[in-house]
Number of protein chains: 2
Amino acid sequence: MPNNTINPEDWLTAVDESGFRVTTVQESLIDIFAHSEYPLSAEQAWEIARQSRPKTGRATVYRMVEKLEKLGLIRRLHGYQGCSHFVPTLPELMMLFICLSCGRADYLDSQPLNDLIQQSEHISGHHITDSRLQFFGACADCQQNA
Amino acid sequence: MPNNTINPEDWLTAVDESGFRVTTVQESLIDIFAHSEYPLSAEQAWEIARQSRPKTGRATVYRMVEKLEKLGLIRRLHGYQGCSHFVPTLPELMMLFICLSCGRADYLDSQPLNDLIQQSEHISGHHITDSRLQFFGACADCQQNA
DNA sequence: CGCTTATTGATACTTGGTATCAATAGGGTA
DNA sequence: TACCCTATTGATACCAAGTATCAATAAGCG
């Protein structure tokens with residue numbers, strides 16, 4: 001995952017600016033999601049959070065996940081170990097590839113998807129306001145090591 | 001939904017040929033999914049099934065949904081009232097549009113998606129074995145009646 | 001028709017997620 | 001710094017979707 005393009009500071013700013021208080025739990029959860037190499041479920045994030053902050057509550061983690069998703073900072077993966085895993089959002093890279101072998105997500109340039117949306121709107125007459133595209137398969141690395 | 005292209009007989013054949021016994025419950029459930037105008041959850045299918053066959057068990061419906069999904073006869077929708085609704089599969093029409101106003105699914109020609117997959121494989125080096133594309137928005141009808 | 005075995009239905013259970021509410025901690029003000 | 005107000009938190013209870021269990025039932029075959 002291209003962590004270098006994800007800045008936890010920006011997430012804190014986004015949470016702050018959306019009218020919420022920024023707390024230490026939230027900081028720790030933002031850190032966990034922003035730095036994870038793999039998609040995380042709320043349950044997994046809770047486990048990790050308790051390692052450094054044992055009293056962290058389950059509901060708090062679920063609430064934070066919901067908040068981050070609503071703010072568009074994380075994005076839910078569907079069809080990979082259920083539908084409860086999240087990855088950081090990278091607005092220009094909305095086409096997600098998930099490797100079924102190593103579990104890592106790769107972000108692909110979303111311009112081709114935007115083109116496809118425009119084309120589909122034109123053909124069907126529907127007005128498309130949201131889309132979800134996920135690819136599954138074997139990543140370049142896993143193909144080599146197979 | 002283009003029901004005219006879905007043939008329950010073919011589904012029964014598919015279930016039969018995959019080594020399962022074909023029973024009356026299964027026939028009724030296949031009918032329900034193949035003829036529904038809207039995406040259905042297992043729970044909803046159970047409700048409908050009990051109207052004509054009151055003793056139908058909940059687990060049976062969940063089992064049948066699982067079987068139909070594994071055989072590729074129905075496909076799960078994600079992000080529309082959760083992730084537990086299903087629509088019949090139309091292999092050449094794998095791009096799904098779901099109207100957020102009337103709830104109906106429309107199937108779009110999947111050739112542009114196939115092209116996109118090829119292009120993405122070429123650029124990324126990943127081997128893509130499965131994909132999921134869903135559009136959300138307002139269908140042509142609902143735009144007019146708004 | 002009767003036998004064998006897959007399927008079924010009732011029920012209990014698990015899991016992922018939500019609601020409640022008293023206790024806690026931000027952060028603004030004096 | 002100390003105080004107050006209120007959003008957030010954590011513990012717990014709760015809920016809903018889905019799964020496991022197992023005796024009863026019904027396909028399909030000889």
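Lettering follows sequence order; numbering is per chain, from 1.
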Which part of the nucleic acid does [X] contact within heavy-atom distance under 4.0 Å: base, sugar-phosphate only, or nothing?
X	result
B/Thr56	sugar-phosphate
B/Thr60	base
A/Arg53	sugar-phosphate

Take atom [atom1] of [X] and atom [atom2] of [N], then tell me their distance rounded to the nearest Å.
X	N	atom1	atom2	result
B/Glu47	D/dA16	CD	C1'	14 Å
A/Gln44	C/dT15	CD	P	15 Å
A/Arg50	D/dG10	CZ	C1'	12 Å
B/Leu68	C/dT7	CG	P	13 Å
B/Lys55	C/dT8	NZ	P	13 Å
A/Phe86	C/dG16	CZ	P	13 Å
A/Lys67	D/dA7	NZ	C1'	9 Å
B/Phe20	C/dT8	CZ	C1'	15 Å

If you check every side-chain atom of [X], which of [options] has the closest atom?
X	options	answer
A/Ala59	D/dA11, C/dT7, D/dT9	D/dA11
A/Arg21	D/dA7, D/dG10, D/dA26	D/dA7
B/Thr23	C/dT7, D/dA17, D/dT9	C/dT7
A/Tyr62	C/dG9, C/dT18, C/dT5	C/dT18
B/Val25	D/dA27, C/dG9, D/dG18	C/dG9

Can a side chain N or O of B/Gln26 be found less than 4.0 Å away from OP1 or OP2 on C/dT8?
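True: B/Gln26 side-chain N/O within range (under 4.0 Å) of C/dT8 OP1/OP2.
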Aromatic rings B/Phe33 and B/Phe86: how do their planes relate, parallel, tilted or perpendicular, breaks at 30° and 60°?
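Perpendicular: the ring planes of B/Phe33 and B/Phe86 meet at over 60°.
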Specify whether B/His85 and B/Tyr80 have parallel, tilted or perpendicular ring planes, treating 30° as the upper limit for parallel and 60° as the lower limit for perpendicular.
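B/His85 vs B/Tyr80 ring planes: perpendicular.
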Would you mind telling me which residue lines up with the more 5' stretch of DNA chain D, B/Glu43 or A/Val61, judged by nearest nucleotide?
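Result of the comparison: A/Val61.
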Could you check A/Met64 against A/Arg58 and say which one's nearest nucleotide on DNA chain D is further toward the 5' end?
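Upstream on the strand: A/Met64.
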With no angle test and no hydrogens, is the base of D/dG10 tied to the side chain of A/Arg63 by a donor-acceptor pair under 3.5 Å?
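Result: at least one qualifying N/O pair found.
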How long is the span from the CE atom in B/Met94 to the CZ atom in B/Arg132, to the nearest 0.5 Å?
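Those atoms lie 9.0 Å apart.
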B/Pro112 and side chain to side chain contact (heavy atoms under 4.5 Å, CB included): which single residue from B/Asn114, B/Leu108, B/Leu116, B/Asp109 fits?
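Between B/Pro112 and the candidates, side chain to side chain contact (heavy atoms under 4.5 Å, CB included) is satisfied uniquely by B/Asp109.
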Please report the shortest heavy-atom distance between B/Cys102 and B/Cys142, naming the atom on each side.
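Reported closest heavy-atom pair: CB-SG, 3.6 Å.
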